[in-house]
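Okay, structure first, notes after.
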Amino acid sequence: MQMTSAPHLLAEDGPEYERILGDALRHAHERPDLEGVGDRLNTEQLRTMALSATALITAAAATEYEHYVKARGELRRAATAEGADGTPAPDGPQSTAAGSGAGIGAVITVLTPLLAGSAAVIFLLVGYLLKAVGPSVTFGGSLVAAGWFFAAVAAAAILVAAVGLLVTALRNGATSLAAENEEQELPEDVARAREAWRHALLERGILPFLRDALADPTAGPAARTPHRSPNRIPKVGYSRPDFSGPDGGPAAGPRPTFTSPDFTSPDFGGPEHQPD
């Protein structure tokens with residue numbers, strides 16, 4: 001069945017995608033079509049661009065990825081059905097409780113040396129200061145003893161933390177080896193589907209993307225976002241009123257004229273000038 005849209009890359013396959021991308025960048029100098037690496041764009045820039053375009057790149061191998069995920073899911077369901085002997089699944093309640101216990105233990109392992117060391121420093125400083133000021137004060141001796149006790153607790157906590165880190169490192173190494181052995185022991189159909197996805201992802205997804213990025217460095221995901229000029233004001237669906245002076249408007253009608261009243265002095269004359 002053909003896919004109409006690319007599936008989302010599962011979290012467990014993210015490291016595999018990054019590993020294939022890293023191998024392609026590491027051997028880029030061996031490919032003539034990627035000879036521009038280091039001139040136009042360096043490997044870190046290409047890696048950042050490819051990680052930002054994960055969905056775009058993985059879509060080129062969507063069919064192979066769907067087939068691989070389907071084959072892997074069938075294998076896991078078969079293994080679960082064969083090994084169903086009452087043991088809780090890895091994501092069951094006991095696993096959750098174990099994870100919570102491990103988290104609390106890690107917090108205690110980190111905080112105990114800090115708190116015990118701080119208490120030791122405070123008690124020792126205050127205790128020796130009191131003994132120096134008043135040798136007869138017995139409280140200073142008690143503080144010194146408490147300080148050395150907390151110092152011993154801090155040292156023991158540091159030792160336990162170091163042993164825990166060593167055990168965790170050895171366990172992770174064993175888990176990685178087990179994962180590699182499990183990968184090598186995959187059934188033929190699952191291994192073939194996985195190899196087909198890897199090949200399609202590299203040849204149809206990663207390499208064409210790197211070639212396009214080297215041919216046009218501005219075509220990366222960050223450059224596809226249109227840039228807006230800071231001085232450009234977007235237009236809205238209406239225009240502001242047209243305010244203009246009297247000369248800019250339509251032809252005006254005749255304006256009324258006003259003249260000042262004709263004020264004259266009264267016509268008074270002498271006795272010889274009597275009004276008519």
d(Leu9 CG, Tyr17 OH) to nearest 0.5 Å is 8.5 Å
* Asked: Looking only at atom types and distance, does a side-chain atom of His199 sit under 3.5 Å from a main-chain N or O of Glu195, one as donor and one as acceptor?
  -> no
- Message: With a 4.5 Å cut-off on side-chain heavy atoms, are His67 and Thr63 touching?
- Response: no
Practice problem: Indicate if Ile122 and Trp148 have the same hydrophobic cluster label, given that clusters are the connected sets of ILVMFWY residues with side-chain heavy-atom separations under 4.5 angstrom. | Solution: no
Query raised in the report: Can you hop from Leu165 to Ile158 via hydrophobic side chains spaced under 4.5 Å?
Result: no
* To do: Would you check if Met49 and Leu210 make a side-chain contact, meaning some heavy-atom pair closer than 4.5 Å?
  => no
When rounded to the nearest 0.5 Å, the distance separating CD1 of Ile20 from CG of Leu201 is 5.0 Å
### Task
For atom CD of Glu12, decide whether the heavy atoms of other residues, nucleotides or ligands shown that lie under 6.0 angstrom number more than 12.
yes
With sequence neighbours left out, the residues meeting side chain to side chain contact (heavy atoms under 4.5 Å, CB included) with Ala120 are Phe150, Ala151
query = Short question: side chain of Gln45, backbone of Asn42 - any donor-acceptor pair under 3.5 Å?
reply = yes
**Request:** Could you walk me through whether Val160 and Thr112 pass the side chain to side chain contact (heavy atoms under 4.5 Å, CB included) test, one step at a time?
**Result:** CA-CA 10 Å; Val160 171; Thr112 300; over 6 Å; no
Legend entry - Under 3.5 Å: donor-acceptor pair, side chain of Asp13, backbone of Glu16: no
Sequence neighbours excluded, the answer for side-chain hydrogen bond (donor to acceptor under 3.5 Å, both in side chains) partners of Asp189 is none
Taken to the nearest 0.5 Å, the spacing of Arg198 CZ from Arg194 CZ works out to 4.0 Å
Rounding to 0.5 Å, atoms CG (Leu202) and CH2 (Trp197) come to a distance of 11.5 Å
d(Ser52 OG, Arg47 CZ) to nearest 0.5 Å is 12.5 Å
Is the NZ or CZ atom of Arg72 positioned over Tyr68's six-membered ring, under 6.0 angstrom from the centre and within 45° of the axis?
yes
Taking 4.0 angstrom as the limit, do Glu66 and Lys70 come out as a salt bridge?
-> no
Result for side-chain contact (heavy atoms from CB on, under 4.5 Å) between Leu130 and one of Leu125, Leu143, Val144 points to Leu143
Here the salt bridge (charged side-chain N to carboxylate O under 4.0 Å, His left out) pairs for residues 55-65, sequence neighbours left out, are Glu64-Arg204
Interatomic distance, OG1@Thr54 vs CD@Glu18, rounded to 0.5 Å, equals 7.5 Å
